[in-house]
Amino acid sequence: MEMQDGSAAAGDAVLDFSRLNLDTLSVEGVSEERRREAKQLYLNYNRLGSLPSALELFCNLEFLDISNNGLTALSDGITRLGKLRTLLAKNNRLSEASLPKDFGSLGLEVLNLSGNRFQEIPLQCTKLRLLRSLSLGGNRLKSIPAEIEDLSSLELLYLGGNLITAIPPEVANLPHLSYLVLCDNRIQGVPPQLTRLDSLRSLSLHNNLLTYLPREILSLVHLQELSLRGNPLVVRFVKEMTYDPPSLLELAGRTVKSRNIPYHPRDLPSNLLHYLDLASKCPNPKCAGVYFDSCVRQIKFVDFCGKYRLPLMHYLCSPECTSPCSSNPQSDAESEDESSVPVDRLQRVLLG
């Protein structure tokens, strides 16, 4: 089906050919001047099975919407659109084999590939260094690659509605990430490294398999919205305690640290000096102990914003630091700064 200039939007910079039931794109009815001036091109809601070769003739495109078609691949021609900043290709039939090899050379800032057939995040996407928004919701993703950390400009990561089971700690290396959407997956835990996401404002984790949160999540000082509904931690609070007896090395290290025994680099080999530097202070205010590798892993209930009691992961130096038989759901080891989260810290906590 050929398109005429009359189908275009009024502005010279916008060409809107959406919802025209197109199965091919012919540019014979579009003047060379219009192609050169066009900055936005809408081809969404048609019947395109492949990208037209004529697409690269729109050399100044900054925005391209090819959503809701039947696309199974993006041709190499798209990599010649050097000024393209936004690409919307949701609700097609794309997979990780559908992107051209040089796709990562584009200067994209916004990429939406939701509603396709991706089982993995294509590594070409992780080479888009200017990318600020990446959406791959409603696909078949099972994991997040460690290379996600290469998207250093990313502000929004939308991966809801997939089959993801874990959040890799590399996500915490995204300095500008403000919105992280991982709802409707199969995630069982949140890595404590996420506390490094200083810019995070919204964290969506609803409809997963979470039974607790790491207490480090309280360190996300800019977090304004936390969505947790549909997780076992909301509908079924879980308590557990695991403990591995300390090794002789750890017992010696604990004695040195807790009794403040002085030592000098001349006294010990470098590996022991490094080991002693790894000591973690027991958070129990009634305990002066430390721990290294052996600690009590326990779920502790915390008042969240004065409204909710959430189970958070807690680490103690020994079983003597807790009272498992106590009827009080709050641990005796709960310190004052963790007993509650100020009401003004979060604007929304979504549990149901």
Side-chain angles (χ1 to χ4, degrees), residues 146 149 152 166-175 177 189-200 211-223 238-304 310-342 345:
E149 68 181 356
S152 57
I167 306 173
E170 287 80 6
V171 171
N173 297 331
L174 299 172
L177 192 65
V190 177
Q193 290 91 340
L194 289 193
T195 186
R196 300 203 302 267
L197 291 174
D198 295 332
S199 300
L200 195 64
T211 56
Y212 65 86
L213 294 175
R215 68 191 184 106
E216 287 85 354
I217 201 169
L218 301 181
S219 301
L220 292 171
V221 295
H222 293 111
L223 195 65
V238 177
K239 280 189 177 182
E240 64 179 60
M241 183 177 70
T242 59
Y243 184 63
D244 294 323
S247 64
L248 291 177
L249 175 63
E250 173 145 351
L251 288 174
R254 289 186 179 200
T255 300
V256 171
K257 284 293 187 178
S258 60
R259 297 185 181 181
N260 293 318
I261 298 176
Y263 59 90
H264 192 272
R266 293 193 300 258
D267 304 327
L268 298 171
S270 59
N271 62 319
L272 291 181
L273 291 171
H274 175 70
Y275 182 79
L276 289 172
D277 290 339
L278 298 178
S280 298
K281 185 181 183 303
C282 183
N284 184 354
K286 302 176 183 179
C287 176
V290 299
Y291 64 87
F292 293 86
D293 302 312
S294 178
C295 60
V296 176
R297 177 176 178 267
Q298 186 188 45
I299 301 299
K300 181 184 69 169
F301 291 83
V302 170
D303 286 334
F304 219 64
L310 293 185
L312 303 183
M313 183 56 73
H314 191 57
Y315 297 93
L316 302 168
C317 70
S318 73
E320 287 71 29
C321 284
T322 185
S323 300
C325 296
S326 172
S327 59
N328 184 357
Q330 295 281 104
S331 166
D332 288 344
E334 184 175 27
S335 59
E336 293 181 2
D337 62 338
E338 290 179 341
S339 61
S340 64
V341 179
R345 266 287 311 278

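Everything quoted here is computed from the prediction, not taken from an experiment.
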Please list, one pair per line, the donor and acceptor atoms closer than 3.5 Å that link side chains of residues 261-281 to other protein atoms, with sequence neighbours excluded.
from, atom 1, to, atom 2, distance (Å)
Y263, OH, K257, NZ, 3.3
H264, ND1, R266, N, 3.1
D267, OD2, H264, N, 2.9

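- With hydrogens and angles disregarded, no donor-acceptor distance shorter than 3.5 Å links the side chain of H222 to the backbone of S199.
- To the nearest 0.5 Å, atom OG of residue S294 and atom CG of residue L249 are 11.5 Å apart.
- Here P191 pairs with I167, Q193, L194 under the side-chain contact (heavy atoms from CB on, under 4.5 Å) rule; sequence neighbours left out.
- When the salt bridge (charged side-chain N to carboxylate O under 4.0 Å, His left out) test is applied to E250, the partners found at least two apart in sequence or on another chain are R254.
- Distance check: N173 CG to L197 CG gives 8.5 Å after rounding to the nearest 0.5 Å.
- When each of C295, C287, P246 is checked for a side chain to side chain contact (heavy atoms under 4.5 Å, CB included) with C317, only C287 meets the rule.
- When the side-chain contact (heavy atoms from CB on, under 4.5 Å) test is applied to E216, the partners found at least two apart in sequence or on another chain are P192, T195, P214.
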